[in-house]
Amino acid sequence: MAIEEKKEWKLQDFEIGKFLGEGKFGKVYLAREIESGFPVALKVIFKEKLDKYQFWEHLTREIVIQSSLQHPNVLRLFAWFHDETRIFLVLEYAANGELYKLLRSVGHFTEKRAATYVASLARALAYCHEKHVIHRDIKPENLLLDLDGRLKIADFGWAVQSNAKRHTMCGTIDYLAPEMVEKKAHDHGVDNWTLGILCYEFLYGMPPFEAADQYDTLRRIMKVDLHFPSTHYVSSEAKDLICKLLVKESSKRLSLKQILRHPWIMNNAEPS
Ligand SMILES: Cn1ncc2ncnc(NCCc3cnc(NC(=O)Nc4cccc(C(F)(F)F)c4)s3)c21
């Protein structure tokens, strides 16, 4: 694709369109590469917002990781460039936007939609883990939907190559696995735990260990204090999958391959 061949891009190569969203480091706009007319999402990051040394490491790690990943459920980072004050990331455009906005607007997803998203996530994470990449920050805000409604994992800013066990604290606390709360070494298993959190949130509209304050949330995570509200019907197969993912001992959680073979996924997920 045209976007990748060209070595150095500059802002003048793009015409900027509508505002798409805002992250902690900067805004995202729809943009069009003028020559090819190709639509992209352009993330603008202000350098002064970044700790100088941290960001080169962060950026290079993200680019190395992203350019090694080519999967239908992983958002592409085509290129990047910078000027004296800003860094620009040229990203695949996900026309149906942020998954969490859809979740907030409908309250909770149907079991078919939830199972389809869980299956897409499991396939994308299985692919990432084969490439020794742990995302570590899978949360609804980092999940996007493309024109066909296909789920895309975005923002590998927190991802790492998983050759060594990781210790750094990162991500939103609702999605933290127990071993990360205890600052123990962690591995692929954290993404599997997070899949259980997300599956629950897709079906009930809020994460399972949500609490008034952060300390209570951490306590509930450590206790795996899991309850299923009876506000609306959720199948026992769905609850079975969640119970087999939200397991404190990371080695006892269902593997990504086992998730894809779970009856609830087999009976509800749309074929990819
Ligand atoms: C909202 N929205 N709607 C549609 C749509 N389509 C595509 N993308 C969207 N949003 C952007 C999603 C992201 C993907 N990858 C990211 N990566 C990142 O933000 N990396 C990053 C952060 C901070 C600092 C650094 C640096 F420089 F220090 F390295 C790097 S953000 C869309």
Side-chain angles (χ1 to χ4, degrees), residues 21 71-75 94-128 135-155 171-177 188-211 217 220-221 224-247 253-272:
H71 188 277
N73 298 112
V74 173
L75 195 83
N96 277 304
E98 294 167 298
L99 180 142
Y100 89 93
K101 284 190 178 158
L102 177 66
L103 182 57
R104 297 290 176 268
S105 66
V106 299
H108 61 84
F109 294 145
T110 63
E111 297 208 18
K112 279 208 170 314
R113 182 182 283 267
T116 303
Y117 290 155
V118 170
S120 302
L121 279 164
R123 280 194 296 274
L125 290 173
Y127 172 80
C128 291
H135 187 285
R136 298 194 309 173
D137 193 17
I138 308 279
K139 57 188 180 204
E141 289 76 3
N142 286 342
L143 304 178
L144 298 170
L145 297 167
D146 73 1
L147 198 58
D148 308 314
R150 187 183 298 118
L151 180 143
K152 301 268 178 177
I153 301 181
D155 198 350
T172 320
I173 92 161
D174 276 307
Y175 305 86
L176 282 184
H188 298 155
V190 299
D191 285 340
N192 301 29
W193 166 277
T194 305
L195 213 40
I197 300 284
L198 281 169
C199 185
Y200 182 103
E201 184 166 6
F202 291 161
L203 291 168
Y204 290 99
M206 81 289 279
F209 307 119
E210 204 171 51
T217 302
R220 294 195 61 199
I221 291 170
V224 192
D225 176 27
L226 180 62
H227 303 283
F228 295 110
S230 41
T231 38
H232 55 278
Y233 172 76
V234 172
S235 67
S236 46
E237 290 80 13
K239 294 173 186 168
D240 179 74
L241 175 60
I242 292 168
C243 291
K244 288 175 178 165
L245 285 172
L246 298 184
V247 173
R253 291 169 200 155
L254 277 195
S255 73
L256 296 169
K257 289 194 176 17
Q258 288 168 315
I259 294 169
L260 290 167
R261 284 201 301 269
H262 187 280
W264 184 66
I265 296 289
M266 301 286 279
N267 301 332
N268 290 283
E270 298 297 326
S272 62

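Computed from a prediction, not measured in an experiment: that's the story for all the values here. Numbers for residues simply follow the sequence, beginning at 1.
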If every non-hydrogen atom of Cys128 is compared with every non-hydrogen atom of Val74, which pair is closest and at what distance?
SG-CG2, 4.3 Å
Contact check, side chains of Leu99 and Tyr117, non-hydrogen atoms, under 4.5 Å
yes
Evaluate the side-chain proximity of His262 to Asp240: yes if any heavy-atom separation is below 4.5 Å, no if none is.
yes
Within the 4.5 Å heavy-atom criterion, are Phe228 and Ile242 side-chain neighbours or not?
yes
For Leu260 and Gln258, run side-chain contact (heavy atoms from CB on, under 4.5 Å): C-alpha distance rounded to whole Å, both residues' side-chain angles, the deciding distance at 0.1 Å, then the answer.
CA-CA 5 Å; Leu260 290 167; Gln258 288 168 315; over 6 Å; no
Ring centre gap for Tyr204 and His108 strictly below 6.0 Å
no
Step-by-step side-chain contact (heavy atoms from CB on, under 4.5 Å) determination, Ile259 to Lys257:
CA-CA 5 Å; Ile259 294 169; Lys257 289 194 176 17; over 6 Å; no
Reported NZ-to-CG distance for the pair Lys139 and Asp174, which is rounded to 0.5 angstrom
10.5 Å
Working note: Tyr127 + Arg123, criterion side-chain hydrogen bond (donor to acceptor under 3.5 Å, both in side chains); need CA distance, chi angles, decisive distance, verdict.
CA-CA 6 Å; Tyr127 172 80; Arg123 280 194 296 274; over 6 Å; no
Between the CE atom in Met206 and the CD1 atom in Ile197, the distance rounded to the nearest 0.5 Å is 13.0 Å
Beyond-backbone contact of Leu254 with Leu241, side-chain heavy atoms, under 4.5 angstrom:
yes
One should read off an interatomic distance between Leu103 CG and Glu98 CD, to the nearest 0.5 angstrom, of 12.5 Å
For Asn268 versus Thr116, what's the shortest heavy-atom pair and its separation?
O-OG1, 4.0 Å
When every non-hydrogen atom of Thr110 is compared with those of Leu203, the smallest separation belongs to O-CD2, 4.4 Å
In sequence, state the C-alpha distance, the side-chain angles, and the governing distance for Lys101 and Glu141, and then conclude on side-chain contact (heavy atoms from CB on, under 4.5 Å).
CA-CA 8 Å; Lys101 284 190 178 158; Glu141 289 76 3; over 6 Å; no
Look at the side chain of Asn73 and the backbone N and O of Ala124, then say whether any donor-acceptor pair between them is shorter than 3.5 Å.
no
Okay, side chain of Glu210, backbone of Pro207: is any donor-acceptor separation there less than 3.5 Å?
no
A side-chain contact here means heavy atoms from C-beta on lying under 4.5 Å apart; do Leu143 and Leu121 qualify?
yes
Interatomic spacing from CG in Leu245 to CZ in Arg253 - rounded to 0.5 Å:
9.0 Å
Closest non-hydrogen atom pair, Trp193 against Leu176
NE1-O, 3.3 Å
Report yes if some heavy atom in the side chain of Val118 is under 4.5 Å from a heavy atom in the side chain of Leu198; otherwise report no.
no
Is the shortest heavy-atom distance from the side chain of Asn142 to the side chain of Ile153 under 4.5 Å?
no
Run through Tyr100, Phe109, Trp264 and flag the one making a ring pair (Phe, Tyr, Trp, His ring centres under 6.0 Å) with Phe202.
Phe109
Between atom CG of Leu246 and atom SG of Cys199, what is the distance when rounded to the nearest 0.5 Å?
9.0 Å
Is there a side-chain contact between Phe209 and Val224 in this structure, where contact means two heavy atoms from C-beta onward sitting under 4.5 Å apart?
yes
From CA spacing to verdict: side-chain hydrogen bond (donor to acceptor under 3.5 Å, both in side chains), Glu111, Ser235
CA-CA 8 Å; Glu111 297 208 18; Ser235 67; 2.7 Å; yes
Test: Arg104 and Glu201 ion pair at under 4.0 Å:
yes
Contact summary for Ser105 and Leu102, nearest pair of heavy atoms
OG-O, 2.7 Å
N/O donor-acceptor pair under 3.5 Å between Arg150 side chain and Pro72 backbone:
no
Taking all heavy atoms of Asp146 and all of Asn96, pick out the closest pair and write down the distance.
O-ND2, 2.8 Å
